[in-house]
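Please read the structure below before turning to the comments.
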Amino acid sequence: MIHVVSVSGGKDSTALWLWALRTGLSPILPLFCDTHWEARDTYDYLDLLERRLGPLRRLSSEGFEARTLRSGTFPSRVRKWCSPELKVQMCAAELLK
């Protein structure tokens, strides 16, 4: 069994990754789904986490801006495509390889 941790670069996902490491879960697969819409500081923080905690698999999609331009829509409560398309589907595709 692989323990997948979705890492966004925020405090909650960082805490989850730390918890998984400290409780001895193994193997752990930390995944970052890059929407190409993050602040530079987020990418710098992910680099720091990777140096301190171990490898982080970085997945890349067409990106938030490209998806918005292609569809002509911005995600909203009615048009919920960001997380499903740019994160969940990307993680699922990676895990099914």
Next item on the list: Can you sort out the partners of R52 under side chain to side chain donor-acceptor pair (under 3.5 Å), two or more places apart, ordered by chain and number?
Entry: none
Note to self: Any heavy-atom pair between the side chains of F32 and R57 that's under 4.5 Å?
What the structure shows: no
Checklist line | Spatial distance of atom OG (S8) from atom OH (Y45) [nearest 0.5 Å] | finding: 9.5 Å
Check: Looking only at heavy atoms, which two atoms of E50 and L56 are closest? And how far apart?
Finding: OE2-N, 3.0 Å
Notebook entry, point to check: So, R40 and D44, do they make that salt bridge, N to O below 4.0 Å?
Noted result: yes
Check: Does the side chain of L29 come within less than 4.5 Å of V5's, by heavy atoms?
Finding: no
Note to self: One pair to check against side-chain contact (heavy atoms from CB on, under 4.5 Å): L46 and R58. What are the steps and the verdict?
What the structure shows: CA-CA 10 Å; L46 291 168; R58 298 173 189 231; 3.8 Å; yes
Next item on the list: For the pair L18 and L16, evaluate side-chain contact (heavy atoms from CB on, under 4.5 Å) and give the outcome as yes or no after the intermediate values.
Entry: CA-CA 5 Å; L18 287 168; L16 179 62; over 6 Å; no
Note to self: Looking at every heavy atom in both M90 and C33, which two are closest together, and how far apart are they?
What the structure shows: CE-CB, 3.5 Å
Check: Once you round to the nearest 0.5 Å, how far does CG of L59 lie from OG1 of T35?
Finding: 12.0 Å
Next item on the list: Looking only at non-hydrogen atoms, find the nearest pair between I28 and P30 and report the distance.
Entry: O-CD, 3.5 Å
Item checked: S13 side, atom OG; L31 side, atom CG - distance, nearest 0.5 Å -> 11.5 Å
Next item on the list: Start with the C-alpha distance between Y43 and D34, add both sets of side-chain angles, then the distance that settles side-chain contact (heavy atoms from CB on, under 4.5 Å), and finish with yes or no.
Entry: CA-CA 9 Å; Y43 295 108; D34 192 354; 2.6 Å; yes
Note to self: Do H3 and S26 pair up side chain to side chain, a donor and an acceptor below 3.5 Å, judged on atom types alone?
What the structure shows: no
